[in-house]
Amino acid sequence: MGMIRHIVMCKFKEEAEGADRATNLRKAKALLDALPKRIGEIRDWEVGIDCGYTSASFDLVLVATFADQEGLLAYQQHPEHVKVVEFLRSVHEMKTVVDYER
């Protein structure tokens with residue numbers, strides 16, 4: 001089995017958790033960017049905030065790579081990841097995920 005690429009895209013609410021979309025996007029990016037130092041299974045990691053050129057775009061994207069499915073599962077169950085997911089669920093209105101073998 002090859003490496004696993006994990007892609008997540010989120011559309012954020014205009015307001016949530018007492019903050020506007022831009023503030024929550026910056027907070028989400030900071031929380032996500034802290035995970036590679038805490039979760040050893042992460043091989044490659046990139047988080048981007050949309051430039052806003054089209055209304056069809058999602059607001060935030062995560063592109064991550066794991067050695068295998070077990071690494072992805074360990075990441076998904078890691079307590080630090082679970083905390084970030086809790087925040088994301090409170091501020092996004094839609095999410096899509098793609099995991100594929102490289």
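None of the values given here were measured: they were computed from a predicted structure.
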What's the shortest heavy-atom distance between [X] and [Y], and which atoms?
X: Glu41; Y: Gly71; result: CB-O, 3.6 Å
X: Glu17; Y: Val91; result: CG-CG1, 3.7 Å
X: Gly2; Y: Glu101; result: N-OE2, 3.1 Å
X: Ile4; Y: Gln69; result: CG1-N, 3.6 Å
X: Ser90; Y: Ala16; result: O-CB, 3.4 Å

State, yes or no, whether a side-chain contact exists between [X] and [Y] at a heavy-atom distance under 4.5 Å.
X: Leu60; Y: Leu32; value: yes
X: Leu72; Y: Gln76; value: yes
X: Phe58; Y: Lys95; value: no
X: Glu46; Y: Leu62; value: no

Parallel, tilted or perpendicular, as decided by the 30° and 60° cut-offs, for the rings of Phe66 and His6:
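Perpendicular: the ring planes of His6 and Phe66 meet at over 60°.
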Arg43: which residues meet the salt bridge (charged side-chain N to carboxylate O under 4.0 Å, His left out) condition with it, sequence neighbours left out?
none
Do the side chains of [X] and [Y] join up, straight or via other hydrophobic residues, at under 4.5 Å, putting them in one cluster?
X: Val61; Y: Phe12; result: no
X: Val97; Y: Trp45; result: yes
X: Leu88; Y: Ile49; result: yes
X: Met9; Y: Tyr100; result: yes
X: Val8; Y: Val63; result: no

Kindly check if the number of other-residue, nucleotide or ligand heavy atoms within 6.0 Å of NZ (Lys13) is above 12?
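Yes - once you tally the heavy atoms of other residues, nucleotides and ligands closer than 6.0 Å, there are more than 12.
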For the pair Arg102 (side chain) and Arg5 (backbone), establish whether a donor and an acceptor sit closer than 3.5 Å, ignoring hydrogens and angles.
no
Working for salt bridge (Lys or Arg N to Asp or Glu O under 4.0 Å), residues Lys83 and Glu80:
CA-CA 5 Å; Lys83 282 193 257 182; Glu80 294 295 325; 3.3 Å; yes
